[in-house]
Amino acid sequence: MTFTRKDFPEGFLFGAATSSYQIEGHAFGGAGRTHWDDFAATPGNVVRSENGAVACDHYHRMEEDLDLVAGANFDLYRFSTSWARVLPEGRGAVNDEGLDFYDRLVDGLLARGLKPAATLYHWELPSPLADLGGWRNRDIAGWFADFTEVLMRRIGDRLWSAAPINEPWCVGWLSHFLGQHAPGLRDIRATARAMHHVLLAHGRAIETMRGLGMTNLGAVCNLEYATPAEDTPEARAAAARYDAIYNRWFLSGIFNGQYPAETLEGLEPHLPAGWQDDFTTIGQPLDWLGLNYYTRKLIAPDPGPWPHYREVEGPLPKTQVGWEIYPEGLHEFLIRAHRDHARGLPIHVTENGMANADRLVAGAVEDPQRLSYIEAHLAQVRRAIAEGVPVAGYYIWSLMDNYEWALGYEKRFGLVHVNFESLQRTPKASYHALARALAR
Ligand code: IFM
């Protein structure tokens, strides 16, 4: 490692991140069915039709996994909670076993001196709510607020931070326009509604948590840097449209009380009536902003229907999932998010990391590519801090190899290798290097 903890401001937080459906094992502990179980059971959606029924069996191995977080000298663990584990039908009857699980998780973190950073929703919508239209139905904001209340009455008193929804772009665009995530729709009207309702639900959850007296509440958005594929006005306009849909819709909605003009061009006719009146709820004051950053895209104009662009293969080195490695994009987004949206709020890099074709050889995993990736992105974080951006934390995706959604189990993002047959955990070289760099 080319850095240690001392190269960052006093109190800067280093963390590891995971999510419920990707690690817990949804077949265990009385969790209800989710739209990811349905999506994965439909041939062609997920590599080998794999699902999160067992995943890393974190449900039964939680203590061992929390020891791994502490063993790397992290300050914080970012986890998510499954709506369907707490409320198997999405509404109504509570699964006490599910609440007990998250209660033990929070206590286990505190016992190890780790800060619990919770995200309420990381994509596993209960199937009975999907039957009612899921994110297309405005009522989801109320259902989500009710889930928030049930869960946070139980664990909210001991959390270090909480955010309602992980990566609203994935909930809205990736799942309803591109059809690559559950529920797998490709429908512009569904997209517009999901893109709006996900922010409304975010706002209602913040209101609910404030009502319970909780503090340190934030939002977690994923951003992807858009580079024009050629030096033409058309390509620049296409990249700006991509940027508006991916990056600015959510940040502007939450912090600026409006949606970007380039997105309204295509989505406004499909938004629900009265959408402009929801910005007071959507814009509930926050205490921090979380950014998830991995890559950039080269964008070219396209004569087809709105949004009139297409992605072009880029020349930079790529990770196991084919994403170009472009650390400068993280610097750019930290500057932009501070200047245009968060305006002085602490910013946390809530996810950053890479998938690599890691192999266990003689009991060890050498992953120098991951170390370089982390070092390069941390260098951009330090650059932004030096330029006055209040970056307060950096969390690695992910603690361990896990279920990479439509890509199944073969893409390895973890600091810890998981053998998905035996479920044995083996810390990789990057884990050991981080543990040394973060030693107090
Ligand atoms: O695995 C995902 C995670 O669920 C959300 N952010 C990006 C990660 C890598 O694709």
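Numbers for residues simply follow the sequence, beginning at 1. Counting starts at 1 for both ligands and their atoms, following the listed order. Just so we're clear, the structure is a prediction, and the values are computed from it rather than from any experiment.
Atom 7 (C) of ligand 1 has Glu351 OE1, 3.2 Å as its closest protein atom, hydrogens excluded (heavy atom only). Ranking protein heavy atoms by distance to atom 1 (O) of ligand 1, first place goes to Glu404 OE1, 2.6 Å.
Residue Phe413 approaches ligand 1 through these ligand atoms, each under 4.0 Å from one of its heavy atoms: 9 (C), 10 (O). Close contacts of ligand 1 with Trp123, meaning ligand atoms under 4.0 Å from a residue heavy atom, involve 4 (O), 5 (C). Near Trp323, the atoms of ligand 1 lying under 4.0 angstrom from a non-hydrogen atom of the residue are 10 (O).
Side-chain N or O atoms of Arg412 include none that pairs as donor or acceptor with a backbone N or O of Glu410 at under 3.5 Å.
Considering backbone and side-chain atoms together, Glu167 places an N or O closer than 3.5 Å to an N or O of ligand 1. Checked against a 3.5 angstrom limit, the closest N/O atoms of Asn402 and ligand 1 fall outside it. Remark: ligand 1 and Asn166 share no N or O pair separated by less than 3.5 Å (distance only, no angle test).
No close placement of the His176 and Trp135 rings is indicated, their centers lying 6.0 Å or farther apart. Not less than 6.0 angstrom separates the ring centroid of Trp36 from the ring centroid of His26. Taking the ring centroids of His348 and Tyr395, they lie under the 6.0 Å cut-off.
Counting heavy atoms from C-beta on, the side chains of Arg425 and Cys56 come closer than 4.5 Å. Side-chain contact between Asp358 and Arg370: present, with at least one pair of heavy atoms (C-beta onward) separated by less than 4.5 Å.
Within the 4.0 Å heavy-atom criterion, neither part of Tyr293 lies near ligand 1.
Ligand 1 lies out of reach of Lys411, whose nearest heavy atom is not under 4.0 Å from it.
Between Arg61 and Asp57 there is a salt bridge, with a side-chain nitrogen of the basic residue lying less than 4.0 Å from a carboxylate oxygen of the acidic one.
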